[in-house]
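Step one of this worksheet: look at the structure below.
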Amino acid sequence: RFVGPLGTIIIKCKDFRIIQLDIPGMEECLNIASSIEISEWRLSYVNQEFAVCPSYPPAVTVPKAIDDDALRKVATFRHGGRFPVLSYYHKKNGMVIMRSGQPLTGTNGRRCKEDEKLINATLRAGKRGYIIDTRPLNVAQQARAKGGGFEQEAHYPQWRRIHKSIERYHILQDSLIKLVESCNDQTQNMDRWLSKLEASNWLTHIKEILTTACLAAQCLDREGASILIHGTEGTDSTLQVTSLAQIILEPRSRTIRGFEALIEREWLQAGHPFQQRCAQSAYCNSKQKWESPVFLLFLDCVWQILRQFPCSFEFNENFLIMLFEHAYASQFGTFLGNNESERCKLKLQQKTMSLWSWVNRPSELSKFTNPLFEANNLVIWPSVAPQSLQLWEGIFLRWNRSSKYLDEAYEEMVNIIEYNKQLQAKVNLLRRQLAELETEDGVQESP
Amino acid sequence: MDHITVPKVENVKLLDRYIGKKPANGSLYLTATHLIYVEASGAARKETWIALHHIATVEKLPVTSLGCPLILRCKNFRVAHFVLESDVVCHEIYISLLKLSQPELPEDLYAFSYNPKFSKDMRENGWKLIDQTSDFGRMGIPNRYWTITDANRNYEICNTYPPEIVVPKSATLGMVVGSSKFRSKERVPVLSYLYKENNAAICRCSQPLSGFYTRCIDDELLLEAIRQTNPRSQFLYVVDTRPKAVKVEKTNVLVHCSDGWDRTAQVCSVASILLDPFYRTFKGLMILIEKEWICMGHKFSQRCGHLDGDSKEVSPIFTQFLDCIWQLMEQFPCAFEFNENFLLEIHDHVFSCQFGNFLGNCQKDRDDLRIYEKTHSVWPFLVQRKPDFRNPLYKGFTVYGVLNPSTVPYNIQFWCGMYNRFDKGLQPKQSMLESLLEIKKQRSMLEADVHKLEKIWHILLLIMRIVLLQSAKVKTSWTSPRSSPFCSLMRRRIPTQERSKLSIKQCTTMIPILWTSFCARSVTKDLSTVGVAGVSLGHPCAWLLLMATLAACRSSWHMVLMLTA
C-alpha cells in the first residue's frame with residue numbers, strides 16, 4: 001500500500017501475528033526535501049512513470065526554478081537520462097552535492113541551455129562551483145567519440161572542473177579476482193604475497209575513491225562551494241563518491257538508521273545496477289560484462305574510515321559484512337533489481353520483505369551496534385596515506401583464518417563497556433535514593 | 001657540554017612531513033641530553049623532546065626560500081625537519097648534534113649523568129627489581145637434571161655470557177670448558193627455557209667451529225648430557241626452532257645461529273613467549289629481556305650504534321623482536337598483559353642510553369663500566385607507568401596456554417604505531433586502546449562510588465532502625481503530630497512489618513557494626529547527612545552510638561545538631 005510517498009506492507013500471519021513494515025525509501029527522499037530551504041528546492045515527480053530516466057526513482061529533488069519540461073530536455077543531454085539531481089545538502093553552509101551522468105556533448109560540442117541553467121541555479125550569486133569528473137581528462141575526452149564528453153569551460157564558466165581517476169568497473173572486477181586469488185594462496189612466501197597484493201591494485205582503488213570523496217567534502221566544508229559529480233553513466237564511481245562524502249560530512253550517516261537511509265538514497269533509489277554488478281562476485285567462470293565490486297569497494301572505504309574513527313560510527317564491521325552478503329544473495333528484496341523501475345515492475349514491495357525490517361529488530365541490531373560509539377557532530381577527515389589503509393581482513397581473509405581470538409577480544413570489549421554502564425546505573429540509583437532521603441527530611445545538604 | 005656552542009635558537013620552523021599544514025614556529029633548545037623544540041604559535045606551549053642519543057643521522061640541506069633545513073632522522077623512526085634562519089647557526093647546531101648523538105666513550109652516555117635523585121638504596125632496589133635468575137627457579141631449576149653453575153663467575157669460560165649459566169647436572173666442568181673451545185666466541189650450549197610439563201628444553205649456543213677441529217669430545221658429551229635431561233626423547237633437535245618440537249614432540253631443542261647472540265636470541269625469546277604465558281605479563285617480559293638479551297650478551301651497544309664506531313655492526317635485531325611480539329598481540333589480543341605502548345617505551349630506552357640496562361655488549365662490559373653503581377635501571381620507571389601500558393582486554397594468566405600463531409604472510413601486518421609513530425596524521429584519529437583504558441579507569445572510580453554509597457545507605461537504615469526502636473520505647477504514637485519529622489520519614493521508609501520486628505538485642509548487636517563503619521574516613525564525611533537529619537535520643541544504645549560517632553567524626557557541629565534534636 002502506498003500512502004502518499006510512504007510505502008507500507010501489512011503482513012497477516014498464520015499464527016495470527018500482524019506485521020507492519022514501513023519502507024523508508026520514499027520517506028528518506030522526502031526527508032531531504034523537508035530539511036532544506038523550501039524556497040530553493042522542490043520535489044519533482046516528472047519521472048513518476050520512469051519515462052524520463054529509467055534508472056532514477058519516481059521523485060527527485062531539483063532546484064525550484066527549473067520546471068519539469070526543462071528537466072525533460074536536460075534528460076536528453078545526460079547519459080541514461082540521468083539529469084543532475086540533489087544528493088546532499090550541507091546544513092552548515094547551505095552548499096550542495098549534485099550528481100548526474102556525463103553530458104552528451106559528443107564530437108560536435110553540443111550544448112544544452114537547460115542543463116546549464118539547472119546547475120547554475122544551485123550557485124549563490126557570484127560564487128563558483130566545482131565539477132568533479134571521476135574520469136581522467138583523456139578518458140573524458142575519448143568519451144566524446146562515443147557521444148559522451150564533459151562540461152566545457154566556455155559553456156559552464158562558473159564551474160571549475162577537476163578530473164580524478166577512479167577506474168572503470170570492469171577493471172575493478174579484475175582487481176577483485178586477483179586479490180581473492182592471492183588471499184586463497186596459503187603456500188606463498190612473503191615476497192610473493194606482497195607483490196600479488198600490489199599487482200591487484202585493490203588498495204590503490206580504495207585510495208583513489210577515498211581521495212575523491214575527501215576532495216568533494218573539502219569543496220563543501222572548507223571551500224564553501226557546491227559541486228556536481230559524475231563519471232560516465234553516473235551509477236558507479238559517482239555514487240561511491242557522493243555517499244562517502246556524506247559519511248565524512250554528516251554525523252547522521254554514521255548512525256545505523258542514517259546509514260541505511262544513505263544506502264537507500266544513494267545506491268538503491270539512485271539506480272546502482274545491483275543485479276548486474278553483484279551477480280557472480282570473484283569466482284565466476286565466464287567473464288561477466290557488467291559484473292563489478294563497486295558496492296564492495298564502497299563498503300571497504302567505509303570500513304577504512306571506521307577503522308580510523310572507531311568511536312564515530314554507531315555500527316560495527318559486522319554490519320558492513322552483512323550488507324555485502326545481502327547485496328549478492330539475500331532472502332530479502334531490498335537489493336534485487338537494478339533500479340526502482342524494475343523493482344516496481346517486479347512488484348517487489350508486495351512480494352518480498354525488506355532487509356531493514358529484519359535488521360532493525362533489537363535482537364539483530366545488538367549484533368551490529370558498535371559499543372565504542374560516542375555521538376559527535378564532527379566532520380571526520382580520514383587519512384588516505386598508504387600506511388593508513390589496510391586490507392579488509394574481515395571480508396577477504398574471513399574464510400582463510402580463524403577469527404576465534406579476535407571474536408574473544410571483541411566480546412571482552414563489549415563486556416567491559418557493558419559492565420561500566422551497569423555500574424553507572426547503580427551509582428545513579430543509589431544517589432537518587434539518598435537524595436530522596438534528604439529532600440523528604442526538608443533539610444538542605446550540609447556544605 | 002663543551003660541544004654546545006649554541007644553546008638556543010629562535011624562529012625555527014618544524015615541518016610536518018605528511019600533513020600540508022602551515023609549519024609550526026618556535027624555538028630550539030640544545031641541552032647536554034636533549035634537543036627541545038618549543039612551539040610559540042598556538043595557545044598551548046607545545047614541547048617536542050628529542051633524546052640526543054636517539055639521533056641516527058643529521059642532514060644539512062641546501063638553503064631554500066624558507067631558510068636552512070636541518071633534518072634529523074632518529075632511531076625510533078622520528079623524522080624532524082627543522083628550518084633555521086641563519087646558516088651559520090644551523091651549521092653550529094649540526095656539528096654539535098653530530099658529536100653529542102654518538103659519543104666516543106661509554107662514560108659520556110646519558111646514563112652516567114642521569115640523576116633522578118634516588119638514594120643509594122633506591123638505586124640498588126631498582127636494579128634488584130628484575131632478577132632473571134629467579135626465572136630459573138620458576139622453571140623448577142635446580143632440579144634432577146639441570147643445575148645453575150657459577151663456573152663463569154669471572155667470565156673465564158665465556159666473556160659474553162653471564163656469570164651464572166644453566167647446564168645439565170651430569171655435565172662436568174671439563175665438558176663445559178672443552179665445549180667452549182669448540183664453539184664460536186666460546187658460547188657453549190646452555191639452557192634458555194625449560195618446559196616443565198614434559199621436561200623438554202630449549203638450549204642455545206653459537207655455531208661449532210669447523211676446520212682443524214672437526215670433532216670435540218667434550219662438546220658431544222655436553223650435547224648428549226643435554227639430550228639425556230629428557231629421558232623420554234631419543235633425539236635432540238639442533239637448529240630447529242619450532243616451539244612445537246618442544247610442546248608436541250617433547251624433545252629438546254638446541255638453537256644457534258653464527259655467534260648465538262642475534263637470531264638465537266630472537267628465536268629463543270619468541271619461543272618462550274609462545275610456550276609460557278608468564279612471559280606475556282609485565283614481569284615476565286622484563287625478565288625475558290634481561291635473561292635472553294641482556295645477560296646472554298646481545299651486543300646492544302654495537303647493534304644500536306650507541307657509540308661512534310663501526311656502523312657495519314648496526315642492525316635492527318631487537319626492533320624485529322619487538323615487532324614479532326606485536327604481531328602476536330595482533331593475533332591474540334587478549335593474551336598479553338601489556339599494550340603496544342609498553343613495547344614502544346622499551347624500544348625508546350634501548351636507544352636513549354638514559355638507563356644502564358642496555359649499555360655495553362655483555363655482562364662483563366657492564367661490570368667493567370660499573371653500571372650498577374653509577375647508573376639506574378629502567379624497569380622501576382616503566383613499572384611506575386603500568387596504568388598507561390596495560391592491555392584492557394587482557395583475560396588473565398591462565399586463559400591462554402601455548403600460542404599457535406599463523407605465519408601465513410597475510411597475517412603479518414605493518415606496525416604503523418612503531419614505524420610511523422610520530423606521524424600523527426597517519427595514525428587512527430580515535431584510539432580504541434585509549435578509549436578502553438579510559439573506560440577501565442572509570443570502572444575503578446565507579447566501583448569505589450558504589451561501595452561508598454551502599455555503605456552510607458546501610459548505615460542510614462541502621463540508624464533509622466535504632467531511632468525507631470527508641471521512639472517505640474517512649475511510646476510515641478506513630479500518628480502523633482508531635483513526633484519528629486525524622487519519625488515521619490522513617491514511617492515511610494521502613495515497612496510496617498519490619499517495625500515490630502526490631503528488638504533491643506538487635507539494636508545492641510548493630511553498634512559494633514556501626515562503630516567500624518563510622519571509623520571509615522570516607523564515610524564519616526557523608527554522615528553530615530545523618531547528623532543533620534536529627535536523632536531522637538534517650539535510648540542507651542543511641543548514646544553509645546553518638547559517642548562512637550563523635551570519636552570518629554571530629555566535626556563537632558554535626559554532633560551539636562544531633563544532640564539538640
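Within every chain, numbering begins at 1; the chains are lettered A, B, ... in the order of the sequence lines, protein sequences first and strands thereafter. The figures here come from the full heavy-atom set of this structure, side chains too, leaving out hydrogens, waters and symmetry mates. Because the structure is predicted, anything quoted here is derived from the model rather than measured.
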Quick check on [X]: does its [atom1] atom have over 12 non-hydrogen neighbours (other residues, nucleotides or ligands) under 6.0 Å away?
X	atom1	answer
B:Lys441	NZ	no
A:Asn377	CG	no
A:Met322	CE	yes
A:Arg398	CZ	yes
A:Glu325	CD	yes
A:Gln422	CD	yes

Problem set entry | Donor-acceptor contact below 3.5 Å, side chain B:Tyr410 vs main chain A:Asn400 | yes
For this session: Output yes when a side-chain donor or acceptor of B:Asp449 lies under 3.5 Å from a complementary backbone atom of A:Val427, and no otherwise.
Result: no
Spacing of [X] atom [atom1] and [Y] atom [atom2] [to the nearest 0.5 Å]:
X	Y	atom1	atom2	value
A:Arg431	B:Trp457	CZ	CH2	14.5 Å
B:Arg443	A:Leu423	CZ	CG	7.5 Å
B:Ile439	A:Leu372	CD1	CG	6.0 Å
A:Gln308	B:Leu426	CD	CG	8.5 Å
A:Glu408	B:Lys395	CD	NZ	4.5 Å
A:Ile417	B:Ser435	CD1	OG	8.0 Å

Problem set entry | Side-chain heavy-atom pair B:Leu446, A:Lys426 within 4.5 angstrom cut-off | no
Exercise. Heavy-atom distance under 4.5 Å between the side chains of B:Pro333 and A:Leu406, does that happen here?
Worked result: yes
Problem set entry | B:Lys429: which of A:Ser388, A:Ser383, A:Pro310 passes side-chain contact (heavy atoms from CB on, under 4.5 Å) | A:Ser383
Checking [X] against chain A: side chain, backbone, both or neither under 4.5 Å from a heavy atom?
X	result
B:Val408	side chain
B:Glu454	both
B:Phe414	side chain
B:Glu447	both

Problem set entry | Best-contacting candidate, B:Gln413, B:Glu330, B:Gln331, against chain A by heavy atom pairs under 4.5 angstrom | B:Gln413
Given heavy-atom pairs under 4.5 angstrom as the criterion, report whether the side chain, backbone, both or neither of [X] touches chain B.
X	result
A:Phe396	neither
A:Asn370	neither
A:Leu397	side chain
A:Ser402	neither

Exercise. For the residue pair A:Leu430 and B:Val450, what are the closest heavy atoms and their distance?
Worked result: CD1-O, 3.9 Å
Seminar exercise, completed: Of all heavy-atom pairs linking A:Ala409 and B:Cys334, the shortest is CA-SG, 3.4 Å
Exercise. What's the verdict on side-chain contact (heavy atoms from CB on, under 4.5 Å) for A:Gln424 and B:Gln442, showing C-alpha distance, side-chain angles and the deciding distance?
Worked result: CA-CA 9 Å; A:Gln424 185 67 62; B:Gln442 282 174 19; 5.8 Å; no
For this session: Give the ring-plane orientation class for B:Tyr400 versus A:Tyr405, where under 30° counts as parallel, over 60° as perpendicular and anything between as tilted.
Result: tilted
Exercise. Would A:Glu374 and B:Gln430 count as a side-chain contact (heavy atoms from CB on, under 4.5 Å) if you check the C-alpha gap in whole Å, the side-chain angles of each, and the deciding distance to 0.1 Å?
Worked result: CA-CA 11 Å; A:Glu374 280 166 29; B:Gln430 291 164 347; over 6 Å; no
Exercise. What residue in A:Ser312, A:Ser403, A:Ser182 has the most heavy-atom pairs under 4.5 Å with chain B?
Worked result: A:Ser312
For this session: Might you work through the side-chain contact (heavy atoms from CB on, under 4.5 Å) test for A:Arg401 and B:Asn411, ending with a clear yes or no?
Result: CA-CA 9 Å; A:Arg401 59 158 171 82; B:Asn411 280 317; 3.6 Å; yes
